[in-house]
Student: 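Here's a structure for you.
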Amino acid sequence: MKKINFILILVMTMMLNSFMTGCGEDEDDVDRIYRELTGTYNLYKAEITYVGQPKLTLEPPDVVGSMTISSDQKITQKLEVLGVPVSVTGTFEIRPDEGVMLIDNETSDIISKPTYTWDGGVLTTTLDVGTFIEKDFWRKL
């Protein structure tokens with residue numbers, strides 16, 4: 001009986017250790033992504049699709065922009081699409097398991113939830129607002 005209890009305790013301890021180790025690795029991965037994303041970007045392409053319309057692909061000079069992501073999780077985007085200026089300043093949170101960035105815009109009560117991909121040099125963000133989908137391609141400088 002003592003041997004069975006010892007084995008059960010050993011197995012439970014090993015399982016707890018594996019869960020704790022897994023959580024630590026996830027946190028390290030998130031920290032690594034934040035470090036990698038910190039920097040300045042240029043917008044080099046945007047794809048906009050309105051419901052029921054063909055996709056519109058824009059490149060400079062029709063779309064221009066810059067974005068800065070700081071180490072304290074602040075984001076600033078300044079872009080111009082077909083002559084219309086857009087500016088976003090706020091904070092953000094990355095949820096890598098969902099492939100989502102939550103961006104809390106300082107000038108409104110809106111929290112946008114674009115999906116993202118990061119390949120080490122290009123950050124692609126896709127925002128689906130229901131009436132249109134905007135996919136932006138940002139090259140890290």
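None of the values given here were measured: they were computed from a predicted structure. Hydrogens, waters and symmetry mates are skipped; everything else that's a heavy atom, side chains included, is used.
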Student: Can you tell if the side chain of V63 reaches within under 4.5 Å of the side chain of E80, non-hydrogen atoms only?
Tutor: no
Student: For the OG1 atom of T125 and the CE atom of M101, what is their distance to the nearest 0.5 Å?
Tutor: 7.5 Å
Student: Same cluster for V122 and L37 if Ile/Leu/Val/Met/Phe/Trp/Tyr side chains link at under 4.5 Å?
Tutor: no
Student: In Å, rounded to the nearest 0.5 Å, how long is the span from CD of Q53 to CZ of F132?
Tutor: 13.5 Å
Student: Taking atom CD of E98 and atom OH of Y116, what is their separation to the nearest 0.5 Å?
Tutor: 10.0 Å
Student: When rounded to the nearest 0.5 angstrom, what is the spacing between OG1 in T57 and CD in E47?
Tutor: 4.5 Å
Student: What's the spacing between W138 CH2 and Q77 CD if we round to 0.5 Å?
Tutor: 4.5 Å
Student: More than 12 heavy atoms of other residues, nucleotides or ligands under 6.0 Å from NZ of K140: yes or no?
Tutor: yes
Student: Among side-chain atoms of Y44 and E59, is any donor-acceptor pair under 3.5 angstrom?
Tutor: no
Student: Grouping I, L, V, M, F, W and Y whenever their side-chain heavy atoms are under 4.5 Å apart, do F92 and F137 come out in a common cluster?
Tutor: no
Student: Find out if a path of hydrophobic residues (ILVMFWY) with successive side-chain heavy-atom gaps under 4.5 Å connects L127 to Y50.
Tutor: yes
Student: Any side-chain heavy atom of E36 sitting closer than 4.5 Å to one from W118?
Tutor: yes
Student: Would you check if L141 and N42 make a side-chain contact, meaning some heavy-atom pair closer than 4.5 Å?
Tutor: yes
Student: Of all heavy-atom pairs between D136 and L43, which one has the smallest distance, and what is that distance?
Tutor: CB-CD1, 3.6 Å
Student: Counting only heavy atoms not in I110 (residues, nucleotides, ligands), do more than 12 fall under 6.0 Å from its CD1?
Tutor: no
Student: Looking at N105 and T89, what are the two nearest heavy atoms and their distance?
Tutor: OD1-O, 3.3 Å
Student: Are V30 and P96 close enough that some pair of their side-chain heavy atoms sits under 4.5 Å apart?
Tutor: yes
Student: Contact between E93 and Y34 at the side-chain level, heavy atoms closer than 4.5 Å - yes or no?
Tutor: yes
Student: Could you tell me the separation between the OG1 atom of T68 and the NZ atom of K74, rounded to the nearest 0.5 Å?
Tutor: 13.0 Å
Student: Do L123 and M67 have side-chain heavy atoms sitting under 4.5 Å apart?
Tutor: yes
Student: Would you say I133 and T126 make side-chain contact, with heavy atoms under 4.5 Å?
Tutor: yes
Student: Just so I know, are the side chains of I111 and I103 near enough to count as touching, which here means a heavy-atom distance under 4.5 Å?
Tutor: no
